[in-house]
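Some notes on the structure that comes next.
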Amino acid sequence: GIWDLVLLIPNTLFLLYLISTMCHSARRLKQVASPVYNTFYVLVFLTCLMGTVRCAVTMSVRGFNSISDQALWLALRFFQLSTELSVLVLGLLFGHLDSRKSIQRVLIITVTISFAYVFTQGALQQLSDKDDVLDHNIYAHGGVPFWFGSSLLFFLVYVIVVMLRYVPSCNMCGLIIPGKPRFYYYALFMAFLNLL
């Protein structure tokens, strides 16, 4: 429908931008020689690609059933959550991650958490009551309690991350927290989004 078109346009434009600047980005990533930046780039590219594919398939296939649409939404949510958690963890541990093996461990953990989250969301979605009087399933995306609980949990995680900067004991115990304010602006913005 119209929402797929609204999501497709910015996804497609951003994907075209990523594709058109891929050679330049590859050179810059090679200069930086940081596996963390390479990982960020690949995760963003895959998430954007998945979002574009989901919108295009939903809009172009006639008779597309709701189970297939839900499966595509869950796959997109998996990519989005994996990217979000990876950005958070890699941002927090940036000074400690210097090898591909340590980044692989972070990705395995974030992918496992994302899979558990999306599996739970999908299971709750299938178990929810489909007979809504208004022909709108208020239990989509795992249901209101799941949505509220997960949003509250992510809000608290991001607030704790922002507060880490102001806790002096973090520096005393040898935990190196990010020094760049942009990371905390990102965490504060994500906390605000999850609060909505």
Side-chain angles (χ1 to χ4, degrees), residues 3-4 6-8 10-11 14-15 35-36 38-58 64-94 96-97 101-130 132 136-164 178 183-196:
W3 288 112
D4 290 320
V6 168
L7 293 172
L8 179 66
N11 266 322
F14 187 60
L15 184 62
V36 173
N38 292 337
T39 304
F40 285 156
Y41 187 83
V42 169
L43 287 171
V44 168
F45 186 84
L46 288 175
T47 301
C48 186
L49 180 65
M50 184 63 199
T52 304
V53 167
R54 193 217 60 82
C55 291
V57 168
T58 302
F64 199 65
N65 64 19
S66 71
I67 292 176
S68 300
D69 188 39
Q70 286 179 6
L72 283 174
W73 268 113
L74 290 172
L76 176 61
R77 180 63 180 142
F78 171 77
F79 278 101
Q80 288 172 336
L81 187 59
S82 295
T83 302
E84 182 181 334
L85 292 175
S86 296
V87 166
L88 181 67
V89 174
L90 292 172
L92 278 173
L93 301 175
F94 188 76
H96 300 291
L97 300 174
K101 192 165 206 100
S102 58
I103 291 174
Q104 286 174 348
R105 282 190 221 123
V106 168
L107 289 176
I108 288 170
I109 291 168
T110 58
V111 163
T112 303
I113 292 169
S114 299
F115 180 77
Y117 178 91
V118 169
F119 181 80
T120 304
Q121 181 180 352
L124 289 171
Q125 217 165 298
Q126 292 303 312
L127 294 174
S128 66
D129 184 17
K130 303 289 183 194
D132 192 359
H136 173 70
N137 186 2
I138 63 170
Y139 294 102
H141 303 288
V144 174
F146 179 76
W147 220 7
F148 175 76
S150 61
S151 293
L152 184 63
L153 176 68
F154 288 125
F155 169 76
L156 291 173
V157 166
Y158 282 112
V159 166
I160 289 169
V161 167
V162 170
M163 293 172 71
L164 278 177
F183 176 74
Y184 297 102
Y185 296 149
Y186 163 78
L188 192 61
F189 178 72
M190 293 304 290
F192 175 72
L193 282 180
N194 281 290
L195 186 61
L196 295 178

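Owing to the predicted nature of the structure, the values given are computational and were not obtained by experimental measurement.
For the residue pair A191 and Y158, the shortest heavy atom distance occurs at CB-CB, 3.6 Å. Counting all heavy atoms, side chain and backbone alike, L7 lies closest to P10 at O-CD, 3.5 Å. Among all heavy-atom pairs drawn from L43 and S86, the shortest one is CD1-CB, 3.5 Å. In this structure, Q80 and T47 approach most closely via the heavy-atom pair CG-CG2, 3.7 Å. Pairing each heavy atom of L188 with each of V162, the nearest pair is N-CG2, 3.7 Å. Considering every non-hydrogen atom in both C55 and D4, the closest pair reads SG-O, 3.6 Å.
The aromatic rings of Y186 and F183 lie tilted to each other, with the angle between the two planes from 30° to 60°. The aromatic rings of F115 and F78 sit perpendicular to each other, their planes meeting at more than 60°, with 30° as the lower class boundary.
Distance check: W147 CH2 to L124 CG gives 13.5 Å after rounding to the nearest 0.5 Å. Residue T83 holds its OG1 atom at 12.5 Å from CG of L88, rounded to the nearest 0.5 Å. Annotation: the span from F40 atom CZ to L90 atom CG amounts to 5.0 Å, rounded to 0.5 Å.
Each of V57, T52, T58 was compared with R54 under the side chain to side chain contact (heavy atoms under 4.5 Å, CB included) criterion, and only T58 meets it.
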*Does the pair Y117 and Q121 meet the rule for a side-chain contact (heavy atoms from CB on, under 4.5 Å), with working shown?*
CA-CA 6 Å; Y117 178 91; Q121 181 180 352; 3.4 Å; yes
_Assess the residue pair V44 and F14 against the criterion (side-chain contact (heavy atoms from CB on, under 4.5 Å)); give the C-alpha distance rounded to whole Å, side-chain angles, the decisive distance to 0.1 Å, and a yes or no._
CA-CA 10 Å; V44 168; F14 187 60; 3.7 Å; yes
*Do L85 and F154 pass the side-chain contact (heavy atoms from CB on, under 4.5 Å) test, and can you show the C-alpha distance, the side-chain angles, and the key distance before you say yes or no?*
CA-CA 10 Å; L85 292 175; F154 288 125; 4.1 Å; yes
*asked:* For L164 and L92: C-alpha separation, side-chain torsions, deciding distance, then whether side-chain contact (heavy atoms from CB on, under 4.5 Å) applies.
replied: CA-CA 10 Å; L164 278 177; L92 278 173; 4.1 Å; yes
*Take F155 and F148, measure what ring-ring contact (aromatic ring centres under 6.0 Å, His included) needs, and give me the verdict at the end.*
CA-CA 10 Å; F155 169 76; F148 175 76; over 10 Å; no
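A distance-only check finds a donor-acceptor pair linking the side chain of T110 to the backbone of L107 [under 3.5 Å].
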